[in-house]
There are 2 protein chains.
Amino acid sequence: MPSKPPAITMDAVYAAPGYLFRRMQQIAVAIFVEECRAFDLTPVQYAALVAIHTHPGIDATRLSAVIAFDRSTLGNVILRLESKALIERKPSSEDKRVKLLHLTRSGAAVLRDIMPSVDRAQARMLQPLKPADRKALLALLTQLVDLNNEASRVPLRAEDALEHLGRSG
Amino acid sequence: MPSKPPAITMDAVYAAPGYLFRRMQQIAVAIFVEECRAFDLTPVQYAALVAIHTHPGIDATRLSAVIAFDRSTLGNVILRLESKALIERKPSSEDKRVKLLHLTRSGAAVLRDIMPSVDRAQARMLQPLKPADRKALLALLTQLVDLNNEASRVPLRAEDALEHLGRSG
DNA sequence: GCCATATCGTAAGTATACTGTCAATCGAGG
DNA sequence: CCTCGATTGACAGTATACTTACGATATGGC
């Protein structure tokens, strides 16, 4: 006799990895925004600032690879950071297509000052778990993200992978 | 002497839970969309369909609590599902503010047919891990999402919590 | 029956996140 | 030198995801 299809229940949704990842991401953003409210920076904007700080004179395309965010999305992020005067865009003298990104003095100050709030936010996300479980979850997640890198629409290409493409900025 | 502040590096970003949650969510969505391309359904739209299937005649506000999605966001999701003729909205005879949600015949068929693709997508997300690690990650994540429920902007209020509010649909 | 309060759907505004496409520009081969 | 293919930034379009607000409606206290 034919096996009957499994019942469609919410429990199946609640237990699905994709659903849990989504919920956790929403929680993480909520916590980040709450802790960093005073700085008016979103998680993505913060990551972009760090990357520009680490790679002064990087261009938008490379920045998108370094933080694994979509290039089009990043365009708007850069626009907002620029309108808040946290970064500057200067045309490259070597390649007229490229606009090089640098932190402004104000951007560097914000980045320096926001660090404690960011650390507090990151800690709060894992707070409910026992310390050993936090380590275990982080290790598994790091592993999984790395192994799934190519499944992402915008795979991470860390600094190393970009060096051979480097143009002097 | 004063301790100097830790260097600001991308490695700190890459290791931050918030960054990993975001990356994993992006990967999960990419895999879901790829596996379910034939059905033209996003993860959120799928979750909404399941919830409406499980709770025929639910209203938008309650639906948002059952799947823990923002009410305003859900408004647009419902609009798209309706324009694809997967669900119907009917005014309640008891409360003129409320519009009750039901699957159409077509919506029920899509939900039935998409299940294998959804299962494949969910499996693919964890595929790179060893089976024991998959279980461990899911368990930790389930625990963390549950314990952080109230930190979310839209905490999950599962079916049970809604029953005492129930109005006959 | 009236009024303060709450709820429902909806909308405007902001911010990711992705798909395409396009013009300008660059680099390489012939 | 010139054309071809690739790259860069920009834009339009779709879909979450959240905030605040507002009108219509319900409800509880009186």
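The structure presented is a predicted model; accordingly, all values stated were derived computationally and were not measured. Lettering follows sequence order; numbering is per chain, from 1.
- For the pair A:D95 CG and C:dA28 C1', the computed distance is 15 Å after rounding to whole Å.
- With 3.5 Å as the limit, one finds no donor-acceptor pair spanning the side chains of A:N148 and B:R23.
- In this structure, A:V44 is not a member of the same hydrophobic cluster as A:V29, with clusters built from ILVMFWY side-chain heavy atoms closer than 4.5 Å.
- One interatomic measurement links the two molecules: CZ of B:R89 to P of C:dC8, which rounds to 15 Å at whole-angstrom precision.
- Side-chain atoms of A:R97 come within donor-acceptor range of the base of C:dT25, with a qualifying N/O pair under 3.5 Å.
- The hydrophobic cluster containing A:L147, built from Ile/Leu/Val/Met/Phe/Trp/Tyr side-chain heavy atoms closer than 4.5 Å, comprises no other residue.
- Here the two rings, on B:Y14 and B:Y19, have centers that are under 6.0 Å apart.
- Close to C:dC8, at under 4.0 Å from its OP1 or OP2, lies a side-chain N or O of B:T61.
- Exactly one residue among B:L63, B:L49, B:D59 makes a side chain to side chain contact (heavy atoms under 4.5 Å, CB included) with B:L101. That residue is B:L63.
- With respect to B:K90 and B:E82, no salt bridge is recorded, no charged nitrogen being found less than 4.0 Å from a carboxylate O.
- Put simply, B:K99 has a side-chain N or O that comes within less than 4.0 Å of OP1 or OP2 on C:dT10.
- For A:E34, the salt bridge (charged side-chain N to carboxylate O under 4.0 Å, His left out) criterion is met by A:R124, not counting sequence neighbours.
- Look at B:R62 and you'll find a side-chain N or O under 4.0 angstrom from OP1 or OP2 of C:dC8.
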Dump every N/O contact between nucleotides 12-16 of chain D and the protein below 3.5 Å, one line per pair.
unit_1 : atom_1 : unit_2 : atom_2 : d
D:dA15 : OP2    : B:R80  : NE     : 3.3
D:dT16 : OP1    : B:T42  : OG1    : 2.4
D:dT16 : OP2    : B:Q45  : NE2    : 2.9
D:dT16 : OP2    : B:R80  : NH1    : 2.5
D:dT16 : O3'    : A:R22  : NH1    : 2.9

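- If you take CG of A:L81 and P of C:dT14, they are 16 Å apart, rounded to a whole angstrom.
- Separating the CZ atom of B:R71 from the C1' atom of D:dA17 is a distance of 14 Å, rounded to the nearest angstrom.
- Atom CG of A:L100 is separated from atom P of D:dT8 by 12 Å (rounded to the nearest Å).
- Distance A:D70 CG to D:dG9 P: 13 Å, rounded to the nearest Å.
- Rounded to an integer number of Å, the gap from B:L74 CG to C:dA11 P is 15 Å.
- Separating the CD atom of B:Q25 from the C1' atom of D:dA17 is a distance of 10 Å, rounded to the nearest angstrom.
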